[in-house]
*Asks:* 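Below is one structure. I have some questions about it.
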Protein chains: 2
Amino acid sequence: METRLDLVFAALSDPTRRAILTMLLEDDMAVTDVAEPFEMSLAAISKHLTILSRAGLIAQEKRGRVKWCKLDPGALREASVWMQGFGQFEPVNLDAFERFLEEELRDDSL
Amino acid sequence: METRLDLVFAALSDPTRRAILTMLLEDDMAVTDVAEPFEMSLAAISKHLTILSRAGLIAQEKRGRVKWCKLDPGALREASVWMQGFGQFEPVNLDAFERFLEEELRDDSL
DNA sequence: CGTTTATTTAACCGATTGGTTGACGATTGA
DNA sequence: TCAATCGTCAACCAATCGGTTAAATAAACG
């Protein structure tokens with residue numbers, strides 16, 4: 001069973017996809033415009049966008065023949081919350097912390 | 001060129017490796033003990049540990065014939081910082097966590 | 001010493017990844 | 001209407017991934 005977290009971290013592990021997210025931070029963009037600065041085919045970028053979309057990191061909306069991509073930081077926040085468990089919390093109360101995270105994430109996803 | 005961030009996110013994208021990190025949050029562990037709860041070979045776990053180690057998420061130290069694994073949250077923090085750029089995520093709310101703990105304790109005592 | 005324990009390495013496997021090209025459907029504009 | 005534009009899909013490819021088993025190395029035990 002592939003969890004949301006799997007998809008998010010896998011999506012983030014590719015530098016092209018991280019670059020796309022950074023671009024979208026400035027503004028929503030059409031697929032063709034997202035592809036422009038990269039030295040790879042439009043089809044490849046289209047695949048990257050699908051991966052970002054399935055991970056919940058972006059949302060895509062088609063208007064006319066143009067598909068607009070916008071950042072959707074919900075899933076990213078989810079991953080961020082998971083990661084902050086390390087570094088901030090020392091050995092104590094790990095089980096409790098995990099339960100706490102689950103509750104937080106459940107609330108966010110609604 | 002594979003950056004540190006690539007390695008960290010790729011490492012985190014596997015649920016087995018995230019589970020290992022969670023275990024190491026509680027305590028340092030030998031490779032064999034890390035492998036124990038998983039339904040896969042020791043060799044497979046050894047590979048996962050190598051990936052975590054290359055990503056800088058754990059450190060391994062050999063004492064005698066035993067190799068100890070400990071969490072090394074440096075790289076994780078690095079990735080966490082990268083993610084903060086997207087959306088102004090409040091860091092995990094420690095106060096909320098403490099309230100959660102209190103509630104749990106109250107429930108247990110009933 | 002020989003044996004058991006701890007861990008890695010090597011060879012292998014099928015599935016997935018990140019890219020390509022070319023064809024395709026849908027929308028727009030002259 | 002017809003050509004250009006936007007984007008996806010299908011087929012293909014080499015490389016990597018996550019797992020296996022078996023053998024190899026190294027240290028500790030009796």
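Note that the structure is a prediction, hence the values are computed from the model and not measured. Residue numbers start from 1 in every chain, and the chains themselves are labelled A, B, ... in the order their sequence lines are given, proteins ahead of strands.
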*Asks:* Check whether B:L25 and B:L52 end up in the same hydrophobic cluster, where Ile, Leu, Val, Met, Phe, Trp and Tyr are linked by side-chain heavy atoms less than 4.5 Å apart.
*Replies:* yes
*Asks:* Whole angstroms only, please: what is the CZ-P distance between B:R54 and C:dT8?
*Replies:*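 So the two atoms are 11 Å apart, to the nearest Å.
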*Asks:* One character per nucleotide, please: for nucleotides 23-30 of chain C, 5' to 3', B when the base has a protein heavy atom closer than 4.0 Å, S when only the sugar-phosphate does, - otherwise.
*Replies:* ----BB--
*Asks:* Nearest-Å distance, CE (A:M40) to P (C:dT20)?
*Replies:* 6 Å
*Asks:* Give a yes or no on whether B:W68 and B:L24 share a hydrophobic cluster (residues Ile, Leu, Val, Met, Phe, Trp, Tyr; joining criterion: side-chain heavy atoms under 4.5 Å apart).
*Replies:* no
*Asks:* Assigning hydrophobic clusters by single linkage (Ile, Leu, Val, Met, Phe, Trp, Tyr; side-chain heavy-atom cutoff under 4.5 Å), is B:L5 placed with B:M83?
*Replies:* yes
*Asks:* If the condition is side-chain contact (heavy atoms from CB on, under 4.5 Å), which residues does A:A10 pass it with, not counting sequence neighbours?
*Replies:* B:S13
*Asks:* Please tell me if B:H48 has a side-chain N or O lying less than 4.0 Å from either OP1 or OP2 of D:dC17.
*Replies:* no
*Asks:* Using ring pair (Phe, Tyr, Trp, His ring centres under 6.0 Å) as the criterion, list what pairs up with B:W82, not counting sequence neighbours.
*Replies:* B:F9, B:F86
*Asks:* Going through the checks in order, is the side-chain contact (heavy atoms from CB on, under 4.5 Å) test met by B:L57 and B:L21?
*Replies:* CA-CA 8 Å; B:L57 291 167; B:L21 290 178; 4.2 Å; yes
*Asks:* Just the rounded figure in Å: distance from P of D:dG7 to CG of A:L49.
*Replies:*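 Rounding to the nearest Å, CG of A:L49 and P of D:dG7 are 9 Å apart.
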*Asks:* Identify all pairs in which a protein N or O lies below 3.5 Å from an N or O of nucleotides 10-15 of chain D, and state each distance.
*Replies:*
none

*Asks:* Ignoring backbone atoms, test whether A:S41 places a side-chain nitrogen or oxygen under 4.0 Å from the OP1 or OP2 oxygen of C:dT20.
*Replies:* yes
*Asks:* My understanding is that only residues two or more places apart in sequence, or in another chain, count here; which of them pass side-chain contact (heavy atoms from CB on, under 4.5 Å) with A:Q60?
*Replies:* A:V31, A:L49, A:S53, A:I58, A:K67, A:C69
*Asks:* Can you list the residues that meet the salt bridge (Lys or Arg N to Asp or Glu O under 4.0 Å) rule with B:E61, with sequence neighbours excluded?
*Replies:* B:R63
*Asks:* Where do B:A75 and B:A55 come nearest, in terms of heavy atoms and distance?
*Replies:* CB-O, 3.3 Å
*Asks:* If Ile, Leu, Val, Met, Phe, Trp and Tyr residues are connected whenever their side-chain heavy atoms lie under 4.5 Å apart, and connections chain through other members, are A:M23 and A:L12 in the same group?
*Replies:* yes
*Asks:* Enumerate the residues from residues 7-19 of chain A whose closest heavy atom to DNA chain D is under 4.0 Å, giving them by residue number; use none for an empty result.
*Replies:*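 The answer is none.
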*Asks:* Does one hydrophobic cluster hold both A:V66 and A:L71, with members joined at side-chain heavy-atom distances below 4.5 Å?
*Replies:* no
*Asks:* Can you run down the salt bridge (Lys or Arg N to Asp or Glu O under 4.0 Å) pairs that involve residues 16-30 of chain A, sequence neighbours left out, and say none if there aren't any?
*Replies:*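 Counting only pairs at least two positions apart or across chains, the salt bridge (Lys or Arg N to Asp or Glu O under 4.0 Å) contacts touching residues 16-30 of chain A are A:R18-B:D6.
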*Asks:* What is the distance, rounded to the nearest whole Å, between atom NZ of B:K67 and atom C1' of C:dA6?
*Replies:*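 It is 11 Å, rounded to the nearest whole Å.
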*Asks:* Determine to 10° how strongly the helix from C:dC1-D:dG30 to C:dA30-D:dT1 is bent, judged from the axes of its five-pair ends.
*Replies:* 10°
*Asks:* How close or far is atom P of C:dG18 from atom CG of A:L42, stated in whole angstroms?
*Replies:* 17 Å
*Asks:* Output the rounded distance in Å from CD (A:E2) to P (D:dC17).
*Replies:*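 Going from A:E2 (CD) to D:dC17 (P), I get 15 Å.
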*Asks:* If the cut-off is 4.0 Å, is A:S46 near the phosphate of D:dG7, judged by side-chain N/O to OP1 or OP2?
*Replies:* no
*Asks:* Please identify each residue that fulfils side-chain contact (heavy atoms from CB on, under 4.5 Å) with B:T16, with sequence neighbours left out.
*Replies:* B:D14, B:I20, B:F38, B:M40, B:I45, B:H48
*Asks:* Go through residues 28-39 of chain A and report each residue with a non-hydrogen atom lying under 4.0 Å from DNA chain C, sorted by number.
*Replies:* none
*Asks:* Check the distance between D:dG19's C1' and B:I20's CD1 and give it to me in whole angstrom.
*Replies:* 13 Å
*Asks:* Listed by chain and number, what are the side-chain contact (heavy atoms from CB on, under 4.5 Å) partners of B:D33, not counting sequence neighbours?
*Replies:* B:M29, B:A30
*Asks:* Nearest nucleotide by nearest heavy atom, which residue falls closer to the 5' end of DNA chain C, A:I51 or B:T50?
*Replies:*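 Checking each residue's closest nucleotide, the 5'-ward one belongs to B:T50.
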